[in-house]
Trainee: 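Here you go, one structure.
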Amino acid sequence: MRTFFPRRVRDYKARFKMPGSQPLRVACIGAGYVGGPTMAVIAAKTPPEAVQVRVLDLSAERIAAWNSERLPIYEPGLSELVFAARGRNLHFSTAIDDGIKWADIIFVAVNTPTKECGIGAGAAADLTYVELAARQIAAAADTPKIVVEKSTVPIRTAEALSAILEACGRTSFEILSNPEFLAEGTAVRDLCEPDRVLIGGDLKTERGRQALEALVELYAYWVPRERILTTNVWSSELSKLVANAFLAQRVSSINSISALCELSGAQIDEVARAVGLDRRIGPRFLQCSVGFGGSCFQKDILNLVYLCESFGLNVVADYWRSVIAINDWQKQRFTARILHSLYNTATNKKIAILGFAFKKDTADTRESAAIDVCGSLLQECAKLSIYDPQVPAEQIWSDLTRRCRRTRDELAAYVTLAATADEAAAGSHAIVILTEWDEFRTLDYSKMYKSMCRPAFLFDGRSVCDLKALSEIGFLCYAIGSPDDSRIQLR
Ligand SMILES: NC(=O)C1=CN([C@@H]2O[C@H](COP(=O)(O)OP(=O)(O)OC[C@H]3O[C@@H](n4cnc5c(N)ncnc54)[C@H](O)[C@@H]3O)[C@@H](O)[C@H]2O)C=CC1
Ligand SMILES: O=C(O)[C@H]1O[C@H](OP(=O)(O)OP(=O)(O)OC[C@H]2O[C@@H](n3ccc(=O)[nH]c3=O)[C@H](O)[C@@H]2O)[C@H](O)[C@@H](O)[C@@H]1O
């Protein structure tokens with residue numbers, strides 16, 4: 001059989017124990033939320049004699065953090081994995097060219113944000129970083145490589161990658177698509193026990209099949225074979241966008257119904273439970289909220305919309321665009337409700353913001369609903385006291401200065417960062433819950449109430465509170481999807 005890759009790539013799993021055999025060399029360009037945890041799990045799940053992993057990034061600061069005691073991202077269970085594998089078969093480095101030369105398999109897990117200018121601005125994916133990574137690989141590689149598209153990319157990006165690599169490189173490349181489905185906050189669990197691993201490859205050529213099999217073998221160390229799905233490259237690329245679009249669509253669907261519940265007397269949790277018990281629908285992703293955030297849902301739907309439009313499928317594009325429209329509306333609706341309840345003026349009123357991350361168990365704030373809600377309240381000249389258990393202060397300042405287009409000094413008159421929820425609430429007119437951190441479920445709300453102005457309001461954007469208990473304490477409450485507290489002014 002003709003072989004294209006070094007011997008250690010073929011059947012390495014069976015051979016690694018043979019004297020003189022070398023481990024498979026895996027590199028990853030991009031040490032972010034995906035590259036870091038994914039490589040940590042590969043290293044943790046494979047014997048060092050069989051697999052060695054290098055994570056590469058342009059950012060010296062990020063790499064230094066991965067090599068330190070304080071990792072650059074917060075993810076439950078991650079530090080334990082990294083500390084155990086680091087130096088054994090997991091290495092973090094800025095020596096990108098070296099890493100490329102060294103590797104057999106190179107994952108590309110760089111960022112693919114929404115384009116900010118030019119054709120497709122505001123919708124298409126910006127593939128600058130992917131292309132740069134491809135050019136770096138082409139320039140440095142001198143032996144055959146398997147290049148794995150891990151970043152989320154538009155359909156047919158592999159074709160562009162292949163063209164760049166083949167045109168500029170001195171060796172041959174095989175491109176695989178292997179999109180990542182981990183969710184932040186549960187990344188380690190998702191990677192260790194994935195619902196599926198999706199690998200797209202060129203099934204028509206022997207070389208393509210060999211590359212695909214090498215990656216399957218790598219995952220097969222810990223993922224049952226039946227959960228490793230192989231498809232053609234285009235199906236794999238598109239499946240990732242579609243999976244995110246479907247998830248986001250569920251959140252927008254339940255959020256749209258939350259508005260109806262508030263006006264009609266139905267209770268969103270009860271509706272979601274009743275609907276989700278139908279096995280055809282299922283119970284997950286039916287939690288109403290102030291709006292979905294995170295770096296990917298909006299960007300990937302926009303990407304899908306752009307793709308549909310470029311194929312002339314405008315009705316399909318409009319359908320998916322409405323998922324984002326509902327999300328934007330939900331955030332605006334929530335903020336408007338706060339304002340109306342506070343007698344239509346928030347000027348100089350202290351408001352306690354509990355939670356700034358886009359979901360619990362992460363310090364990530366990308367596209368967090370909190371940024372929009374806080375930004376709108378600041379436009380109303382409210383004084384915000386923000387508490388989040390994980391998000392660093394610098395991140396909050398950076399998000400708010402960008403959102404409000406004001407300097408930190410200008411904002412400092414209106415924003416303070418609190419060290420505890422109690423501190424944020426003291427002297428405030430209202431508590432606003434924007435992230436579903438577990439600790440917000442068990443706060444001493446009676447104590448907080450005593451330290452607040454009267455009437456004391458609580459706006460729950462995440463359904464974490466027991467509204468009945470809070471009402472008994474004396475709070476005037478509004479929770480998304482719950483029938484309105486008749487004591488609150490609505491218009
Ligand atoms: N964040 C998430 O939960 C998920 C993200 N994804 C996708 O994975 C990709 C990466 O996302 P994140 O890890 O969140 O991004 P990130 O922004 O956290 O990390 C990307 C890293 O790539 C580095 N980088 C960019 N160009 C480089 C180059 N040429 N050479 C070396 N390093 C380079 C950046 O310095 C950065 O550290 C995106 O396409 C995203 O859509 C997929 C699933 C989940
Ligand atoms: O491509 C990606 O980046 C990832 O995007 C999401 O993961 P993530 O954004 O980390 O987190 P989710 O748990 O999906 O939550 C996204 C947003 O939806 C919100 N959400 C989620 C579920 C729900 O029922 N209600 C709800 O409002 C969350 O609070 C959060 O703001 C997907 O779940 C991952 O499969 C995917 O890999």
Side-chain angles (χ1 to χ4, degrees), residues 258-259 261-263 265 267-268 288-290 331-356 369-370 372-389 396 400 411-491:
S258 71
C261 285
E262 289 162 28
L263 298 174
Q267 176 71 45
I268 193 70
C288 75
S289 67
V290 56
K331 289 184 269 188
Q332 287 156 13
R333 206 169 73 75
F334 185 69
T335 315
R337 178 57 66 95
I338 296 173
L339 195 64
H340 293 321
S341 305
L342 295 177
Y343 315 106
N344 290 315
T345 174
T347 303
N348 286 328
K349 287 182 178 163
K350 181 180 177 186
I351 298 180
I353 302 290
L354 302 192
F356 202 79
D372 281 338
V373 173
C374 290
S376 302
L377 290 173
L378 286 169
Q379 268 166 355
E380 299 291 335
C381 299
K383 294 203 157 174
L384 305 184
S385 182
I386 304 173
Y387 167 68
D388 187 286
I396 297 178
L400 290 181
L411 280 184
Y414 292 93
V415 178
T416 51
L417 303 188
T420 61
D422 285 355
E423 185 188 320
S428 69
H429 288 257
I431 294 173
V432 176
I433 299 176
L434 297 177
T435 313
E436 74 282 22
W437 286 103
D438 288 339
E439 66 178 69
F440 298 161
R441 293 178 196 278
T442 52
L443 291 171
D444 185 346
Y445 284 102
S446 287
K447 187 171 149 216
M448 291 162 91
Y449 178 77
K450 287 188 191 122
S451 74
M452 292 173 64
C453 300
R454 298 288 182 274
F457 290 87
L458 189 141
F459 302 95
D460 185 353
R462 292 289 188 164
S463 307
V464 298
C465 290
D466 176 345
L467 292 194
K468 190 162 167 285
L470 290 179
S471 295
E472 277 164 17
I473 291 171
F475 278 104
L476 300 185
C477 301
Y478 162 72
I480 281 185
S482 292
D484 290 321
D485 184 328
S486 55
R487 296 169 297 168
I488 293 187
Q489 170 182 325
L490 295 180
R491 305 252 179 292

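Both backbone and side-chain heavy atoms feed into the values below; hydrogens, waters and symmetry mates do not. Index from 1, following the sequence.
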Trainee: Below 30° counts as parallel, above 60° as perpendicular, anything between as tilted: where do the rings of Y478 and F334 land?
Mentor: tilted
Trainee: Please report the closest heavy-atom contact between S258 and C288, naming both atoms and the distance.
Mentor: CB-CB, 4.1 Å
Trainee: Taking atom CD of Q379 and atom CG of L339, what is their separation to the nearest 0.5 Å?
Mentor: 11.0 Å
Trainee: For the OG1 atom of T335 and the NZ atom of K331, what is their distance to the nearest 0.5 Å?
Mentor: 9.5 Å
Trainee: Quick one: are R462 and I480 in side-chain contact, heavy atoms under 4.5 Å?
Mentor: no
Trainee: Within the 4.5 Å heavy-atom criterion, are S385 and K350 side-chain neighbours or not?
Mentor: yes
Trainee: Taking side chain as C-beta onward, heavy atoms only, is Y445 less than 4.5 Å from F440?
Mentor: yes
Trainee: Looking only at heavy atoms, which two atoms of L342 and K349 are closest? And how far apart?
Mentor: O-NZ, 2.8 Å
Trainee: Roughly how far apart are S463 OG and E436 CD, rounded to 0.5 Å?
Mentor: 10.0 Å
Trainee: Using a 4.5 Å cut-off on heavy atoms from C-beta on, say whether the side chain of V432 contacts that of V290.
Mentor: no
Trainee: Does the pair I353 and L377 meet the rule for a side chain to side chain contact (heavy atoms under 4.5 Å, CB included), with working shown?
Mentor: CA-CA 11 Å; I353 302 290; L377 290 173; 4.2 Å; yes
Trainee: I need the minimum non-hydrogen distance between C477 and S471, along with the two atoms involved.
Mentor: SG-OG, 4.0 Å
Trainee: Any side-chain heavy atom of E380 sitting closer than 4.5 Å to one from I351?
Mentor: no
Trainee: Looking at F459 and A430, what are the two nearest heavy atoms and their distance?
Mentor: CE1-CB, 3.7 Å
Trainee: Is the backbone N or O of F356 less than 3.5 Å from a side-chain atom of T435, with the two atoms forming a donor-acceptor pair by type?
Mentor: yes
Trainee: Output, in order, the C-alpha distance, side-chain angles, deciding distance and verdict of side chain to side chain contact (heavy atoms under 4.5 Å, CB included) for L354 and W437.
Mentor: CA-CA 9 Å; L354 302 192; W437 286 103; over 6 Å; no
Trainee: Can you name the closest pair of heavy atoms from P483 and G265 and give their distance?
Mentor: CG-O, 3.6 Å
Trainee: Let me confirm one number: the CG-CG distance from L476 to L467, rounded to the nearest 0.5 Å.
Mentor: 12.0 Å
Trainee: Minimum heavy-atom separation for H340 and N344, please, with both atom names.
Mentor: ND1-OD1, 2.7 Å
Trainee: So how far is it from R441 CZ to I433 CD1, rounded to the nearest 0.5 Å?
Mentor: 9.5 Å
Trainee: How long is the gap from SG on C374 to CG on L434, to the nearest 0.5 Å?
Mentor: 6.0 Å
Trainee: Are L458 and C465 side-chain neighbours, meaning at least one heavy-atom pair lies under 4.5 Å?
Mentor: yes
Trainee: Would you say the side chains of Q267 and S482 form a donor-acceptor pair under 3.5 Å?
Mentor: yes
